[in-house]
Amino acid sequence: MLKRFVLLGMLLSSFTGCVSLSSVSLTQVPANRSHEVFATTSSWNFLGIAFSNDFVDEAILDLKSQCQGGKIEGILTKFQYTAYVLVFKREVVASGYCNKG
């Protein structure tokens, strides 16, 4: 019976993760903040070994697609990662304000 609880505890602990915020940056926030844009992208890797950072470009393209013909200002970016037992999730979260004209 005790072995079952130990195995169940090990199984459940493998589904939990530890989130760590690595960096945050913010540009000058504009006076006009009526149209907010938001993007998030992520990448999974094994043992923390990353072979590519292309997922960051996806967040940039997503923000640009939400503000065609305008200028994105007041950009807040966060880079965070979540560590599971042997797998890591790297994530970029970006938001800003689209101002046209």
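Counting only residues at least two apart or on different chains, the disulfide bond (SG atoms under 2.5 Å apart) pairs with a member in residues 49-87 are C67-C98. Contacts classified as ring-ring contact (aromatic ring centres under 6.0 Å, His included) and involving residues 22-54 (residues at least two apart or in different chains) are given here: W44-Y84.
Every residue two or more places apart in sequence or in another chain that forms a side-chain contact (heavy atoms from CB on, under 4.5 Å) with F88 is listed here: N45, Y81, A83. Every residue two or more places apart in sequence or in another chain was checked for a side chain to side chain donor-acceptor pair (under 3.5 Å) with T27, and none qualifies. In this structure, the side-chain contact (heavy atoms from CB on, under 4.5 Å) partners of K71, at least two apart in sequence or on a different chain, are E73.
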Checklist entry - When you look at L86 and L47, which way does the side-chain contact (heavy atoms from CB on, under 4.5 Å) test go after all the steps? => result CA-CA 5 Å; L86 296 174; L47 295 176; 3.7 Å; yes
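In the hydrophobic cluster analysis, where Ile, Leu, Val, Met, Phe, Trp and Tyr join through side-chain heavy atoms closer than 4.5 angstrom, V24 is grouped apart from F79. Under the 4.5 Å side-chain heavy-atom criterion for Ile, Leu, Val, Met, Phe, Trp and Tyr, I72 and L76 are members of distinct hydrophobic clusters.
Between S43 and F55, the shortest heavy-atom contact is CB-CD2, 3.5 Å.
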Side-chain donor-acceptor distances from residues 56-64 under 3.5 Å, at least two apart:
| residue | atom | partner | partner atom | Å |
| --- | --- | --- | --- | --- |
| D62 | OD1 | Q66 | NE2 | 3.1 |

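Under 3.5 Å, the side chains of T40 and E91 contain a donor-acceptor pair of N or O atoms. Side-chain atoms of N53 and R90 form a donor-acceptor pair, as typed in the model, at a separation below 3.5 Å.
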